[in-house]
Number of protein chains: 2
Amino acid sequence: MLRLTKRTEYGLIALVHMAELAAARPAEAEAEVISARAIGDIFPVPKRMLAEALKHLQQGGILESTRGVRGGYRLSRPADQVSLGEIVSILEGPPTLTSCAGLGAASSDGGCDVEPVCPIRSPLARLRTGIWTLFEGVTLQALADRSADPTGLFSATG
Amino acid sequence: MLRLTKRTEYGLIALVHMAELAAARPAEAEAEVISARAIGDIFPVPKRMLAEALKHLQQGGILESTRGVRGGYRLSRPADQVSLGEIVSILEGPPTLTSCAGLGAASSDGGCDVEPVCPIRSPLARLRTGIWTLFEGVTLQALADRSADPTGLFSATG
DNA sequence: GAAAAGAGCACTAAACTAGTGCTGATTAAA
DNA sequence: TTTAATCAGCACTAGTTTAGTGCTCTTTTC
């Protein structure tokens with residue numbers, strides 16, 4: 001039912017928390033690292049899964065990691081330069097909607113028998129683009145600003 | 001990865017096909033019924049799964065069924081009065097995005113330990129609304145019009 | 001009747017998800 | 001130099017979901 005995985009949820013919780021910490025700091029101050037353990041102590045989520053998510057986010061370039069005692073993670077970019085699309089894409093791949101509507105188009109269509117006569121391929125591909133656009137337009141900053149509408153669809157500027 | 005199920009795909013294929021048939025007919029003409037077998041003969045999809053999808057769509061009120069020889073299904077409403085949101089909602093439930101962000105809000109939150117301190121509940125609920133709005137805004141008619149943008153997000157009127 | 005078609009229930013196999021176990025590498029601090 | 005905190009990597013299990021099939025029953029036209 002168009003659901004994000006738990007790992008993505010945990011990753012998002014951690015990222016939003018880091019963005020909130022950053023917002024509470026003077027803009028010039030360097031971001032301090034925060035360990036997976038520390039985040040897991042704050043939010044009652046399975047610590048190992050949380051660590052998995054953080055690891056992936058590091059590999060995806062959203063987080064920087066420091067190892068060893070007093071190590072941890074921090075955002076590698078300001079929160080307003082990280083999109084939800086990028087986060088979700090790293091943690092569970094880009095939204096595909098259907099098996100045949102991958103971003104790369106033709107490459108992933110090999111296995112679909114319907115493709116030559118499929119009446120929904122093209123419209124669903126456009127719909128997927130719409131969803132993707134929505135995700136790309138939501139920044140981590142917007143997610144962390146709890147009172148705001150992250151999509152911008154319902155605010156005055158829309 | 002935010003993917004629709006196969007059953008939903010098959011249901012959409014059938015519905016779009018019916019909408020195309022309707023478009024090729026004079027507006028006043030009554031829609032003829034088309035059997036699950038006939039649709040399955042046109043598109044190379046598992047016939048039984050297709051039948052499952054059609055059955056659900058009938059139960060959901062989008063299709064009318066006629067039993068017996070020469071029976072089958074037809075749209076119970078014009079294609080421009082059926083939204084993709086309604087279709088998806090019938091075939092796999094409304095998009096929830098996260099386990100705790102159900103449409104009914106509080107009722108489905110019982111099992112979430114994070115809820116009291118969750119930093120992403122509210123923003124994700126708004127994002128879910130955005131996706132839902134997108135789905136609600138796409139009509140079956142728009143899906144059947146292959147050259148058009150079903151979301152309306154990228155057309156001149158947007 | 002016979003055959004075509006939908007309605008309903010139950011079942012299996014494969015894939016995915018959530019979560020855990022364990023070991024290794026790196027680094028600050030005692 | 002030892003210790004402990006922390007990230008990094010691999011593999012494994014159990015539960016759930018998804019895809020697809022089997023079978024029977026009812027309805028309706030011919």
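Given the structure is predicted, the values throughout are model-derived calculations rather than measurements. Below, chain A is the first sequence line, B the second, and so on; all start at residue 1.
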Exercise. Partners of A:R3 by salt bridge (Lys or Arg N to Asp or Glu O under 4.0 Å), sequence neighbours excluded?
Worked result: none
Seminar exercise, completed: In this structure, CD of B:Q141 is separated from CD of B:E20 (nearest 0.5 Å) by 10.5 Å
Exercise. A:E64 CD to D:dC7 C1': how many Å, rounded?
Worked result: 14 Å
Exercise. Listed by chain and number, what are the ring pair (Phe, Tyr, Trp, His ring centres under 6.0 Å) partners of B:F135, not counting sequence neighbours?
Worked result: none
For this session: Kindly say if B:Y10 contacts the phosphate of D:dA19, meaning a side-chain N or O under 4.0 Å from OP1 or OP2.
Result: no
Problem set entry | Whole-Å distance separating the CG atom of B:L2 from the C1' atom of D:dT17 | 16 Å
For this session: Look at A:R25 together with A:E30 and state whether they make a salt bridge at an N to O cut-off of under 4.0 Å.
Result: no
Problem set entry | ring pair (Phe, Tyr, Trp, His ring centres under 6.0 Å) contacts touching residues 47-74 of chain A (sequence neighbours left out) | none
For this session: With rounding to the nearest 0.5 Å, note down the distance linking SG in B:C118 to CD1 in A:I13.
Result: 4.5 Å
Exercise. How many angstroms lie between atom CZ of B:R126 and atom CZ of B:R121, to the nearest 0.5 angstrom?
Worked result: 11.0 Å
Seminar exercise, completed: Output for pair (A:L97 CG, A:L127 CG), nearest 0.5 Å, gives 5.5 Å
So which protein nitrogen or oxygen atoms get under 3.5 Å of nucleotides 26-30 of chain D's nitrogens or oxygens?
from	atom 1	to	atom 2	distance (Å)
D:dT26	O2	B:R67	NH2	2.9
D:dT27	O2	B:G68	N	3.4
D:dT28	O2	B:V69	N	3.4

Exercise. Are OP1 or OP2 of D:dT6 and a side-chain N or O of A:Y73 less than 4.0 angstrom apart?
Worked result: no
Exercise. Among side-chain atoms of A:T8 and A:E92, is any donor-acceptor pair under 3.5 angstrom?
Worked result: yes
Exercise. CD of B:E9 versus C1' of D:dA19: gap in Å, rounded?
Worked result: 12 Å
For this session: Scan residues 45-59 of chain A against DNA chain D and write down, sorted by residue number, each residue with any heavy atom closer than 4.0 Å; if none is found, say none.
Result: A:R48, A:E52, A:K55, A:Q58, A:Q59
Under 3.5 Å, which protein N or O atoms sit close to an N or O of nucleotides 12-17 of chain C? Give each pair with its distance.
none

Problem set entry | Interatomic spacing from CG in B:L21 to CD1 in B:I34 - rounded to 0.5 Å | 5.5 Å
Exercise. For the atom pair CG (B:L140) and CG (B:L84), what is the distance rounded to the nearest 0.5 Å?
Worked result: 9.0 Å
